[in-house]
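The structure under discussion appears below in the form of C-alpha cells.
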Amino acid sequence: MKRFIVIVIVLALIAGGGFLFMRSKKSGNQQVFKTAPVTKGSIQSTVTATGTLKAVTAVQVGAEVSGVIDRIYVEHNSKVKKGQLLAQINPDTLRARVDSAKASLDRSRSSYNSAVAQADNAKASVRQAEARLLSQQATARKAEAAVATARANVSNAEAQIYNAKANLARSRAEYANNKINYERRNKLYTEDLIPRSERDDAYTSMLTSKASMEASQASLESAQATLKSRQIELDSAKISAEGSKADVEVARTQVESAQAQAASAEASVAGAKAEVSQSEASLESAKVDLGKTSITSPIDGVVLSVAVSEGQTVASQYQTPELFKLAKNLDEMQVEATVDEADVGQIHQGDLASFTVDSWPDKVFHGKVLEIRKAAVTTNNVVTFPVIISTNNPDMCLIPGMTATVDISTVRHDNILLVPTTALSFKPSDAVDIDDSKAGTGNRKRGKRGDKEEDKAVSGATEKAVTRVLYTLDKTVPGRLVRIEVKTGLTDGSNTEIASNDLHEGDKVVTGSFDKSLIRNRASSRGRRGGPF
C-alpha cells in the first residue's frame with residue numbers, strides 16, 4: 001500500500017513538472033520584445049565634476065602695520081587702479097618714530113664726525129712720533145759716530161804716548177852716552193890729553209841730548225795728558241750714545257702708543273659709521289612703515305570685499321590682517337573643478353568644457369582645461385584632483401564663489417555605430433528560444449551578461465574595446481532571438497559605441513520585453529470597467 005502511494009506521488013510530480021514546462025513555453029511564446037534601431041553618428045565622452053568659480057588673479061590686501069583705520073576710500077564692487085588709495089591708517093605713531101629715527105641719525109653722524117676728528121689727530125700724533133723717532137735715531141747715529149771718533153782719538157793718543165816713550169828712552173840713552181863721553185873727555189882734558197875744544201864739543205853734545213831728553217819727557221807728558229782728555233771725550237761720547245739709544249727707545253714707544261691710539265680711533269670711526277648706517281636703516285624702515293599706513297591697490301581690478309570699517313584697530317604683530325580682497329579682471333575667470341581620481345586620467349590640457357551655475361540654470365558657459373594639478377585632495381577617503389578651467393565672462397554673469405557643474409569633453413568618435421545602452425544590459429529569460437550561431441561561443445550559458453571586465457564597459461566612458469552581447473529578433477522564426485557578440489567602445493550613458501560585422505545601421509536590437517497576457521488583462525479590465533456604457 002505504501003509503495004502504491006509513493007508511485008502515485010511520483011507520477012503526480014512528473015505530471016506537474018510537464019504542465020509547468022509547457023506553460024512556461026507557452027508563456028515564452030507570449031513575450032513581446034521592445035526594440036531600438038542601430039544608428040550611425042557621433043559620441044562624446046565627458047567627465048562630470050563640480051567646482052567653484054574664481055578670479056584669475058585674486059589679491060588679498062592686508063595691513064603690514066598696526067593702527068586705527070582713519071578713512072576707507074572704496075566700497076564693495078568699486079573699480080580701482082593700481083596705486084589707488086584704499087584706506088588710511090592713523091600715521092601719528094609712525095610719524096613720531098620717523099622723527100625719533102632722524103634725531104638718532106643726527107646723533108650718530110655727530111659721533112661719527114667726532115670720531116673722524118679724533119682719528120685724524122691720532123694719525124697726526126703718529127706722524128709726529130715717527131718724526132721724533134727719526135730725529136732720535138739720527139742723533140743716536142751721530143753719537144755712535146762720536147764714540148767711534150773718540151775711540152780713534154784715544155788710539156791716536158795712545159800711539160803718541162808710545163812714540164813719546166820711545167823718543168824719551170832714546171833721548172835718555174843719548175844723554176847718558178853723551179854724559180859719559182863728556183866726563184871721559186873732561187878727565188882727558190884735565191890731564192891735558194886732549195884739547196879743550198874736544199871737551200867743549202862733548203859738553204855741548206851732553207847738553208843737547210839732555211835738552212832732547214827733557215823735550216821727549218815733555219812730549220810724553222803732553223801725550224799722556226792728551227790721552228786722558230781723549231778718554232774723557234770717549235766716556236762722554238759713550239754716555240751720549242747710551243742716552244741717544246734710550247731716547248730712540250722712548251721715541252719708538254711713543255710711536256707704538258700713537259699707532260695704538262690711531263688704531264683705536266679708526267675702530268671708533270668704524271663703530272660710529274656702523275651706528276650711522278644703522279640709524280639710516282632705522283630711519284628708512286620708519287619711513288617705509290609710515291608709507292605703509294596708506295593702503296593702496298596693487299593691481300587694476302574690482303573690490304570683492306571690504307573686511308574693516310573706519311575706526312577699527314588692526315594689529316599686524318603676529319599675522320597680517322586682511323582688509324580688502326581684489327580681483328584683477330572679472331572678464332576672464334577660472335573654474336577650479338574637483339575631479340575624481342578615476343576620471344582625472346582621461347582629462348588633458350586643452351580639453352573643451354562646459355558648465356552651468358545655479359544663478360543661470362538655462363545658460364551654458366564654455367571654457368577650456370588650463371591646468372591639471374598634481375596635488376591630490378583626500379576628503380572622507382575620496383581622492384580628488386583640482387582641474388583648472390579657463391572661461392570668459394563678457395556679460396559679468398559669473399561671480400567668484402559660484403558653484404559650477406562642469407562637463408569636460410575628453411574623447412569624441414564620429415561616424416560610428418551606436419546602440420542604446422539598455423540593449424547591452426537586456427537578459428532574456430531561459431524560456432526564450434535563442435540562436436547562438438553568431439555569438440562565437442555558443443556553449444556560453446544563455447542569458448548571462450559576460451565577465452567582470454565587460455561589466456566595466458557600461459559603467460562610464462572608456463576607449464577600451466571589450467566584448468559584449470546584443471540580441472536581435474530572428475526574421476525567420478517568430479519569438480526567437482539571435483545572440484550577437486559585439487565590441488563596445490565609448491558610452492555617454494544613453495548610447496554606446498559598438499563594432500560588429502553582423503549589425504548595420506537600421507538593424508533593430510532588443511532593449512526589453514513584456515508578456516502579452518498583461519496587455520490582454522489590462523484591456524479586459526478596461527472593457528469590464530466600461531461595459532455598462
Side-chain angles (χ1 to χ4, degrees), residues 51-98 283-338 353 355-360 363 365-371 373 386-404 406:
T52 303
L53 278 159
K54 294 184 177 181
V56 174
T57 301
V59 180
Q60 294 180 350
V61 181
E64 298 183 58
V65 295
S66 302
V68 178
I69 303 294
D70 274 353
R71 185 80 180 273
I72 296 178
Y73 298 95
V74 294
E75 298 177 349
H76 292 274
N77 301 329
S78 296
K79 292 185 177 181
V80 295
K81 296 291 185 180
K82 183 177 181 179
Q84 180 178 336
L85 187 62
L86 303 179
Q88 179 66 53
I89 298 176
N90 190 294
D92 294 342
T93 301
L94 294 176
R95 189 175 289 117
R97 273 187 56 195
V98 171
L283 176 59
E284 187 63 26
S285 175
K287 287 181 179 179
V288 170
D289 288 344
L290 179 61
K292 290 177 180 177
T293 58
S294 298
I295 310 300
T296 59
S297 173
I299 58 173
D300 295 341
V302 179
V303 178
L304 297 182
S305 65
V306 180
V308 291
S309 58
E310 293 182 359
Q312 182 176 341
T313 300
V314 294
S316 62
Q317 287 86 351
Y318 304 105
Q319 184 176 3
T320 300
E322 179 184 335
L323 307 183
F324 305 94
K325 188 172 183 179
L326 309 180
K328 185 175 182 180
N329 182 12
L330 294 183
D331 291 339
E332 296 179 357
M333 299 190 68
Q334 292 179 345
V335 179
E336 184 173 330
T338 301
F355 63 92
T356 58
V357 294
D358 293 340
S359 299
W360 308 93
K363 192 169 185 177
F365 301 89
H366 300 278
K368 183 183 294 185
V369 174
L370 182 66
E371 182 182 1
R373 295 180 178 171
V387 175
I388 307 302
I389 300 166
S390 62
T391 185
N392 294 324
N393 188 24
D395 51 2
M396 296 298 170
C397 294
L398 302 176
I399 301 174
M402 283 184 170
T403 300
V406 184

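Counting begins at 1 with the first residue of the sequence. It should be emphasised that the depicted structure is a prediction, and the values quoted were computed from it without experimental measurement.
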Side chain to side chain contact (heavy atoms under 4.5 Å, CB included) between N392 and E332, worked out: CA-CA 5 Å; N392 294 324; E332 296 179 357; 4.0 Å; yes
Worked verdict on V74 versus F324 for side chain to side chain contact (heavy atoms under 4.5 Å, CB included): CA-CA 10 Å; V74 294; F324 305 94; 3.7 Å; yes
For a quick test of reading the model, state the closest non-hydrogen atom pair linking [X] to [Y] and the distance between them.
{"X": "A315", "Y": "S66", "answer": "CA-OG, 3.4 Å"}
{"X": "A404", "Y": "F355", "answer": "CB-CD1, 3.8 Å"}
{"X": "L94", "Y": "D289", "answer": "CD1-O, 3.2 Å"}

Nearest-0.5 Å distance, [atom1] of residue [X] to [atom2] of residue [Y]:
{"X": "T57", "Y": "Q334", "atom1": "OG1", "atom2": "CD", "result": "7.5 Å"}
{"X": "L323", "Y": "I69", "atom1": "CG", "atom2": "CD1", "result": "5.5 Å"}
{"X": "N77", "Y": "M396", "atom1": "CG", "atom2": "CE", "result": "11.0 Å"}
{"X": "M333", "Y": "M402", "atom1": "CE", "atom2": "CE", "result": "8.5 Å"}
{"X": "S359", "Y": "I399", "atom1": "OG", "atom2": "CD1", "result": "6.5 Å"}
{"X": "I389", "Y": "L53", "atom1": "CD1", "atom2": "CG", "result": "9.5 Å"}

Main-chain N/O of L330 paired to N393 side chain as donor or acceptor, under 3.5 Å: yes
Side-chain (D92) to main-chain (A96) donor-acceptor, under 3.5 angstrom: no
Side chain to side chain contact (heavy atoms under 4.5 Å, CB included) between V387 and T338, worked out: CA-CA 6 Å; V387 175; T338 301; over 6 Å; no
Electrostatic pair D395-K363, nearest N-O below 4.0 angstrom: yes
Heavy-atom side-chain contact between S285 and R97 under 4.5 Å: yes
Side-chain touch T403/V357, heavy atoms, less than 4.5 angstrom: no
Partner set under side chain to side chain contact (heavy atoms under 4.5 Å, CB included) for E336, not counting sequence neighbours: K54, R373, P386, I388
L283 vs V98, side chain to side chain contact (heavy atoms under 4.5 Å, CB included): CA-CA, chis, key distance, verdict: CA-CA 6 Å; L283 176 59; V98 171; 3.9 Å; yes
Scan the side chains in residues 293-311 for donor-acceptor partners under 3.5 Å anywhere in the protein, sequence neighbours excluded, and list what turns up.
{"unit_1": "T293", "atom_1": "OG1", "unit_2": "Q88", "atom_2": "NE2", "d": "3.3"}
{"unit_1": "T293", "atom_1": "OG1", "unit_2": "L290", "atom_2": "O", "d": "2.4"}
{"unit_1": "S294", "atom_1": "OG", "unit_2": "Q88", "atom_2": "OE1", "d": "2.8"}
{"unit_1": "S297", "atom_1": "OG", "unit_2": "I299", "atom_2": "N", "d": "3.4"}
{"unit_1": "S297", "atom_1": "OG", "unit_2": "I299", "atom_2": "O", "d": "2.5"}
{"unit_1": "D300", "atom_1": "OD1", "unit_2": "K82", "atom_2": "N", "d": "2.4"}
{"unit_1": "E310", "atom_1": "OE2", "unit_2": "I72", "atom_2": "N", "d": "3.1"}

